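First comes the structure, then the notes that go with it.
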Amino acid sequence: MKTRRQFLQNSLLGAMVAGSGDLWAKTAGFFERPEKGALPVVIATWDNREATAAAWQILSNGGRALDAVEAGARIPEADPDDTSVGYGGFPDRDGHVTLDACIMDEFGNAGSVGFLEHIMHPISVARRVMEKTPHVMLAGEGALQFALSEGFQKENMLTETARKAWEEWKVKSEYKPVINIERHDTIGIVAMDARQRIAGACTTSGMAFKMRGRIGDSPIIGAGMFADNEVGAAAATGLGELVLKTLGSFLIVEEMRRGKHPQKAAEEVIRRLARKYPKDAADNQIGYVVLDKRGRHGAYSLHPGFNYAIFQRDENIVKEAGSLFLK
Ligand code: ASP
């Protein structure tokens with residue numbers, strides 16, 4: 001038999017769950033009113049203006065942030081000239097292109113794929129994992145099987161340029177994953193739509209010539225990307241191992257939850273990882289893009305050279321991020 005106390009607790013919980021949409025809308029609107037003209041907004045790592053434009057197409061027509069970040073991420077995935085994402089990405093040391101991606105929606109749902117081969121749009125597979133399975137992450141062969149069962153086509157992801165780069169690399173076979181020297185363009189993309197819904201995505205072919213089986217930060221929720229509709233979102237690029245060890249995107253969102261501006265939150269997390277891993281931080285690049293519930297943004301990196309694309313107030317621009325270490 002239920003005690004009166006249990007009954008009260010249950011009915012209170014029921015009322016909270018049933019009314020949570022309203023409650024959320026009221027409190028979010030009250031505490032986190034967007035800055036004037038700040039919505040919608042999308043921000044992506046590196047000069048991914050084509051990606052932010054694709055996202056804007058959706059956002060400016062009243063679309064959902066989730067659709068926008070997926071559409072944005074698909075642009076570099078299909079671009080053969082982008083050697084760090086999807087088709088055309090540099091392979092692992094055995095010559096296989098292996099892909100990592102993750103996505104989150106405004107409800108906190110998440111989906112990801114790691115070590116996925118032969119699929120042009122890992123971000124869309126990640127979305128299907130989120131929407132069609134009881135799981136968050138699928139990897140390797142299982143992820144491929146799932147993608148094929150969802151109607152994705154098996155394709156060759158290794159372009160001639162990437163194959164040549166790999167052949168050249170094999171001459172010395174030097175395994176020195178120094179991110180600052182190689183060109184790294186992992187796309188992390190976060191957005192808020194006109195209805196103040198926040199979503200994020202991240203997709204990459206990972207570190208060039210990595211060990212077979214290596215999975216980086218990009219498909220790991222909280223590392224390569226994290227989105228919390230109450231607070232904001234962040235996404236990373238750079239040495240995945242370092243982002244993984246510090247769960248950087250999650251940490252940035254938590255710093256914002258405690259009241260920090262997106263810029264200050266990114267700076268705090270970059271400083272923190274440099275304090276904890278000084279040698280890795282000195283030799284490698286990490287950059288974050290950040291967005292908060294009010295439509296304010298921030299970006300920061302370890303070393304100079306990290307830029308980002310932001311589409312807001314009808315303007316699609318590239319900005320240079322500040323960095324902890326100076327030239
Ligand atoms: N974060 C990616 C990884 O470690 C690499 C990159 O940003 O280029 O897989």
Side-chain angles (χ1 to χ4, degrees), residues 43-48 51 72-73 75-77 79 81-93 96-103 112-117 122-123 126 137 139-140 143 157 162 165 169 175-190 200-226 234-252 266 269-270 273 277 280-281 283-290 299-303 305-309 321 323:
I43 171 168
T45 52
W46 306 111
D47 183 0
N48 270 305
I75 300 290
E77 280 184 344
D79 180 356
D81 297 328
D82 192 323
T83 56
S84 304
V85 182
Y87 179 55
F90 283 162
D92 64 15
R93 52 170 78 174
H96 305 281
V97 179
T98 73
L99 307 167
D100 296 340
C102 77
I103 196 159
S112 94
V113 287
F115 192 48
L116 173 65
E117 294 180 67
I123 198 64
M137 183 169 199
M157 294 287 111
W169 174 82
Y175 191 54
K176 264 206 233 146
V178 180
I179 298 268
N180 232 11
I181 294 168
E182 294 163 21
R183 198 173 135 74
H184 270 256
D185 300 321
T186 291
I187 182 171
I189 178 166
V190 293
C202 188
T203 182
T204 190
S205 53
M207 198 183 273
F209 319 126
K210 60 197 174 186
M211 281 177 73
R212 178 128 182 95
R214 182 260 188 192
I215 293 180
D217 60 311
S218 308
I220 306 299
I221 303 298
M225 189 276 300
F226 192 70
T237 181
L239 182 68
E241 280 67 11
L242 204 40
V243 177
L244 275 170
K245 286 188 276 193
T246 49
L247 276 188
S249 295
F250 177 74
L251 204 53
I252 289 176
V269 168
I270 286 281
L273 73 86
Y277 302 99
D280 282 348
D283 295 345
N284 297 284
Q285 177 67 305
I286 299 224
Y288 287 105
V289 290
V290 192
Y300 203 60
S301 57
L302 278 168
H303 299 275
F306 172 53
N307 59 11
Y308 61 99
S323 60

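Whatever order the structure lists them in is the order used to number ligands and atoms, beginning at 1. Residues: numbered from 1 along the sequence shown. Quick caveat: nothing in here was measured; it's all calculated off a predicted structure.
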| message | Need the ligand 1 atom indices (1-based, order shown) with element for anything under 4.0 Å from a heavy-atom of M207. | response | 9 (O)

| query | In ligand 1, which numbered atoms sit nearer than 4.0 Å to a non-hydrogen atom of D217? | reply | 1 (N), 2 (C), 3 (C), 4 (O), 9 (O)

| field | N/O donor-acceptor pair under 3.5 Å between K245 side chain and G240 backbone | value | no

| field | ligand 1 contacted by R214 (non-hydrogen, < 4.0 Å) | value | yes

| task | Check the angle between the aromatic planes of F209 and F90 and answer parallel, tilted or perpendicular using the 30° and 60° thresholds. | result | parallel

| query | Which is it for A236 and ligand 1 at heavy atoms under 4.0 Å: side chain, backbone, both or neither? | reply | neither

| said: Donor-acceptor pair, distance only, cut-off 3.5 Å: does the side chain of D100 make one with the backbone of F115? | reply: yes

| Numbering as shown, the atoms of ligand 1 that approach S218 to under 4.0 Å (heavy-atom distance) | 1 (N), 2 (C)

| query | If we only count N/O pairs under 3.5 Å, is E241 in contact with ligand 1? | reply | no

| said: My understanding is that we take every heavy atom of each candidate and find the minimum distance to atom 1 (N) of ligand 1. Doing that for G238, G287, G188, C202, which one comes out nearest? | reply: G238

| Of all the atoms in ligand 1, which lie at a distance below 4.0 Å from a heavy atom belonging to G206? | 9 (O)

| query | Can you say whether the rings of F226 and F250 are parallel (under 30°), tilted (30 to 60°) or perpendicular (over 60°)? | reply | perpendicular

| Stepwise, does the side-chain contact (heavy atoms from CB on, under 4.5 Å) test hold for Y300 with F306? | CA-CA 8 Å; Y300 203 60; F306 172 53; over 6 Å; no

| Between H96 and M157, is a side-chain contact (heavy atoms from CB on, under 4.5 Å) present by the stated rule, with each step listed? | CA-CA 8 Å; H96 305 281; M157 294 287 111; over 6 Å; no

| query | Looking at T237, which atoms of ligand 1 are within less than 4.0 Å of one of its heavy atoms? | reply | 6 (C), 7 (O)

| message | Does ligand 1 come near enough to T204 that some N or O of the ligand is less than 3.5 Å from an N or O of the residue? | response | no

| Based purely on interatomic distance, does G216 place a nitrogen or oxygen under 3.5 Å from a nitrogen or oxygen of ligand 1? | no

| Only one of L251, D280, T246 forms a side-chain contact (heavy atoms from CB on, under 4.5 Å) with L273, so which one is it? | T246

| Yes or no on side-chain contact (heavy atoms from CB on, under 4.5 Å) for T186 and T203, after CA distance, side-chain angles and deciding distance? | CA-CA 6 Å; T186 291; T203 182; over 6 Å; no

| Any N/O of S84 closer than 3.5 Å to an N/O of ligand 1? | no

